[in-house]
Structure formats: structure tokens, C-alpha cells
Amino acid sequence: MIQPTLLQPADRRLAAAAIASILLLGSARLLLDIFKTNHQPHLSTIHNKPSPPPIFLSPADRRSFSPAKCNPFEGQWVWNDDHNVTSSSSPSPLYTEDSCPYLVKQTTCQRNGRPDGAYQRWRWKPAGCELPPFEAAKMLDVVRGKRVMFVGDSVMRSQFESMVCMVQAAVPRGARSFDRVPPRKVFRAGGEWDVTLEYYWAPFIVESISDHATNHTVHKRLVSLDAIDKHGATWKEADVLVFESYVWWMHKPFINATYYDRYGSPENIREYDVATAYKVAMETWANWLEANINPRRQSVFFMSMSPTHLWSWEWRPGSDGNCFNETYPVEPAGRPYWGTGSNLQIMNIIGDVIGRLRRVKVTFMNITQLSEYRKDGHTTVYGERKGKLLTGEQRSDPKNFADCIHWCLPGVPDTWNHILYAYLLHSYRS
């Protein structure tokens, strides 16, 4: 097992400050989104949906990917140029900033002035197989008549927007819509597909005072460790659920939280160490799954932690920077690279919770290691802070203003979705 490098107390304080300042972006981003939409979406749940018609599976689809035979999370990043795209691989990028109208300023690094674009051209190649080529129409066929919901924080929001961009070009303009009604964003592919891709803001998965998509503070947080039904009322009708929760837990080593005692009364607020609180919260989530998910109709995925790249000395000893101006992935020196921003204890907790589920299967999407290499993929100074693009003065101070948590789009989250597509296609094929 890869052993993490332990941070000293001073480094933990610096990490907390960096994470807190960057998380402010999520609140401002969602607030701006409210004003972009002046109409309400039609989100009525469709019951008694007919079974989707069979879809065409190519020979590449049939032979390429099987989770039982291939671990898609082990492999390497390979450069994708016009001479390196085969019939069994997908071009990189799958879309552009100009071709997708649904991207927010926080992720459009090229439009915001990033001078290099190489981060868009890397393709993930699993060690023992090829991922099936991503086809937007086929993705929509696989989830025809279904609701696919992404649940989590602003990193998950980027994954949702990535998936929307990956499929939207296959949908005629008159048959697609995009609505923002916090805590949700909803993309609908109508016509022959009747698919909705949805995002639901829930940074801790369980309920908290940070659940209002725009009216919350990053620095002051209070989590209700065994309260989830308010969120779950929206989740339980989804056909595919994709969960993620990590960075909001890592603001400090301790977090304020409440839970109900055995008599059903809320206990006073108390301070928990993050690992303990995270375990209780994930057990609450697991219990909700067991009580509410129909495994014959619904599929559940959990994305592992998205890594941060806050200190360049981790991959370039002796340096004193961060992810700013990084233009190539980390090159493994005989062993996998693992940064201090990824907490193995948290990884083990969620793995243990998922492993103890009895009735519901959750597919654990271990995207952490493959994303660890991508120090070049973050928005750095080419994103937003408090809803506004960074000023020239702020950009000239990347040590204090570079965002090494969120990702440029197109970029790394597209690979997460490509692997998700491979699992969904395999499930359909099976």
C-alpha cells in the first residue's frame, strides 16, 4: 500500500487556508448561476418507463472492457495527437470550450488566458485493456429514459458539467435544455432519449449548514452526521447515482457536528476529529442506500477523492511552488506517485463502509491515483475567486492565488466520465 507523507502542523494550517480560500469559489459560482436562469425546469419523475430498445454494440465494445479482467484505474497517461488515435481509443479532447455552451468561467482556462493547452491532450490508458471509445449517442442510449444524478461538492459539479459537454453535441438544439435551480443543475436530452443529467449540491452528503447552494460560509461549518433524508428525498428516484465527498471535510483536523442519541434527541454540538465524523456520515449514507435503493433498478457509484497539488516539492524536491505553470503530468519514478493532499485513512473508511453493504452494490471509482499524476490539469490562476476572474495583480501571485483543487475543462474529469461510461456500457452489455 502506498504510504502517505504526513504533514507537519504548520503545513496543515497552510493546507487548510488554501482549501478554504478556494472553496469560496463554489459559493460564488452557484450564486451567479441562479441569475442565469429565469425559468423553472420540468423535473417530474417518469414512472413505469418502458425498457430501452437494444443498442448496437461494436466489436470494440464487446471485447475491450470487463471490470473482472481489467482494473481501469491502473495504467498511464499517453499523449494523444492526430497520429495516435486508433479505432479503439477516443480523441482528446472530446469537446472544446467553444463547442460546449454549458461550461462556467471557473473551468474555461483557455478562455481565461491560460497560454498552454497540452493538458487537454493526454489520454488515460489502462494497463491491461482499452477503454471502449466514448460515443455520446451510445452513452445516451445506455441511460435512455433515465435520471443520472451527480451528488457532491464543486469538484463533482465539474464532473457533471464534463459529462454534459461530452454528450450534448449528439442532441439536437431543440431537444436539449439546461436549468439551474439550486441545489440542482439539470441537463435534459429530450427527443428519442428522454435522459436527464442532474447535479445536486451536497458537499458532506449528509445534511449540514452548508447545504444552501449559495448562502453558506466556508469557514464556519456544522454537519448533522446522521441526517440525510432531506437530500435523499431527491436522490431516491434517480436511476444512476454518482456520489463524491472529500475536500469539504479537510478544512481542519476537527469539525463541529451533531448526531441523534439512542433516544432520538439531538445531542449538543461537539467537535469530532474528521476521520471519526466522516465514518459516521458515510455509515448514515450507507444505511440510507440499504433502505431506499432498489438494486434491480438503480446503479450507485462513489468517486474516490480528487487530489490536490498544493506543494511542488512533492514531485520536484527542493522547489517552493504549487501547481502553477505545470505543463506535464508527474512522471512516476519506479513507483506510483501519491501526494499529501490525498488521505489514505479517508480512502480506507469509505472502502470499508462500501464493503459492508449487504443489499446494495456500490461501484467504487478509484480515480485518485490516476489523477495524482495530473499536476498540470488544475485551473491555477485561470479560474475565478468569489465569482470573478482573478485580476492581473492576483495572477502575478500564484503562490497565494493559484487554485490547485479544481480542474480545467476539457480535462481530467473527462477521463473519470469515460471510465464511468465504460462501467455503464459493460453493465448494459451484461
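Keep in mind it's a predicted model, so treat the numbers as computed, not measured. Only this structure's heavy atoms are used, side chains among them; waters, hydrogens and symmetry mates stay out.
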Roughly how far apart are [X] [atom1] and [Y] [atom2], rounded to 0.5 Å?
X: Ile405; Y: Leu310; atom1: CD1; atom2: CG; answer: 6.0 Å
X: Glu192; Y: Asp141; atom1: CD; atom2: CG; answer: 6.5 Å
X: Leu131; Y: Leu425; atom1: CG; atom2: CG; answer: 11.0 Å
X: Ser154; Y: Gln159; atom1: OG; atom2: CD; answer: 12.5 Å
X: Leu289; Y: Ile354; atom1: CG; atom2: CD1; answer: 9.0 Å
X: Arg121; Y: Asn80; atom1: CZ; atom2: CG; answer: 7.0 Å

Does this structure show an ion pair linking [X] with [Y], if we count only N-O contacts that are shorter than 4.0 Å?
X: Arg374; Y: Asp376; value: yes
X: Lys279; Y: Asp352; value: no
X: Arg184; Y: Asp179; value: no
X: Lys375; Y: Glu314; value: no
X: Arg114; Y: Asp116; value: yes
X: Asp153; Y: Arg157; value: no
X: Lys125; Y: Glu130; value: yes
X: Arg385; Y: Asp403; value: no

Given the side-chain rings of [X] and [Y], with only the six-membered ring counted for Trp, is the space between their centroids under 6.0 Å?
X: Tyr102; Y: Phe187; value: yes
X: Phe302; Y: Trp285; value: yes
X: Tyr199; Y: Phe150; value: no
X: His309; Y: Trp315; value: yes
X: Trp77; Y: Tyr373; value: no
X: Trp248; Y: Trp201; value: yes
X: Trp407; Y: His378; value: yes

Where [X] and [Y] come nearest, the two heavy atoms and their spacing:
X: Leu197; Y: Met163; result: CD1-CG, 3.8 Å
X: Glu290; Y: Arg358; result: OE2-N, 2.7 Å
X: Trp124; Y: Pro72; result: NE1-O, 2.7 Å
X: Pro172; Y: Trp193; result: CD-CZ3, 4.5 Å
X: His231; Y: Val206; result: NE2-O, 3.6 Å
X: Asp414; Y: Met166; result: O-CE, 3.7 Å

Counting only heavy atoms not in Arg359 (residues, nucleotides, ligands), do more than 12 fall under 6.0 Å from its CZ?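 Enclosed.
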
In this structure, are over 12 heavy atoms from other groups packed under 6.0 Å from Tyr328 atom OH?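 It does not: Tyr328 OH has 12 such atoms or fewer within range.
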
Begin from the C-alpha positions of Arg316 and Glu326 and carry the test salt bridge (Lys or Arg N to Asp or Glu O under 4.0 Å) through to its verdict. CA-CA 11 Å; Arg316 191 165 52 252; Glu326 296 292 341; 2.8 Å; yes

So [Y] and [X], do their side chains get closer than 4.5 Å, heavy atoms only?
X: Ile255; Y: Tyr278; value: no
X: Leu370; Y: Glu372; value: no
X: Phe243; Y: Ile205; value: yes
X: Asn343; Y: Met250; value: yes
X: Val242; Y: Val151; value: no
X: Val381; Y: Pro398; value: yes
X: Val171; Y: Leu140; value: yes
X: Cys408; Y: Tyr119; value: yes

Is a donor on one side and an acceptor on the other found under 3.5 Å between the side chain of [X] and the backbone of [Y]?
X: Asp239; Y: Lys146; value: no
X: Ser371; Y: Ile367; value: yes
X: Asp211; Y: Ser208; value: yes
X: Trp288; Y: Asn292; value: no
X: Ser304; Y: Met365; value: yes
X: Gln298; Y: Asn294; value: yes
X: Glu97; Y: Arg111; value: yes
X: Ser312; Y: Gly321; value: yes
X: Ser299; Y: Val240; value: no

Between Trp249 and Ser245, is the side-chain hydrogen bond (donor to acceptor under 3.5 Å, both in side chains) condition met? List the steps. CA-CA 8 Å; Trp249 293 92; Ser245 183; 2.9 Å; yes

Starting from the C-alpha separation in whole Å, work towards a yes-or-no answer on side-chain contact (heavy atoms from CB on, under 4.5 Å) for Phe301 and Phe364. CA-CA 6 Å; Phe301 297 84; Phe364 185 62; over 6 Å; no

Is there a donor in the side chain of Glu161 and an acceptor in the side chain of Thr107, or the other way round, less than 3.5 Å apart?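 Short answer, no.
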
For Glu198 and Thr196, does a side-chain donor sit closer than 3.5 Å to a side-chain acceptor?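 Yes, side-chain donor-acceptor contact under 3.5 Å.
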
Does the side-chain hydrogen bond (donor to acceptor under 3.5 Å, both in side chains) test come out yes or no for Asn287 and Thr284, once each step is laid out? CA-CA 5 Å; Asn287 291 337; Thr284 297; 5.6 Å; no

Take Met303 and Tyr246 through the side-chain contact (heavy atoms from CB on, under 4.5 Å) test and state the conclusion after the steps. CA-CA 10 Å; Met303 309 299 296; Tyr246 174 64; over 6 Å; no

Apply the test side-chain hydrogen bond (donor to acceptor under 3.5 Å, both in side chains) to residues Ser158 and His406: give CA-CA distance (whole Å), side-chain angles for both, the deciding distance (0.1 Å), then the verdict. CA-CA 8 Å; Ser158 291; His406 297 96; over 6 Å; no

Test Asn417 against Ser162 for side-chain hydrogen bond (donor to acceptor under 3.5 Å, both in side chains), laying out the working first. CA-CA 8 Å; Asn417 282 326; Ser162 160; 3.0 Å; yes

Test Asp194 against every option in Arg147, Arg188, Arg176, Arg144 by the salt bridge (charged side-chain N to carboxylate O under 4.0 Å, His left out) rule and name the one that passes.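 Single pass found, and it is Arg188.
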
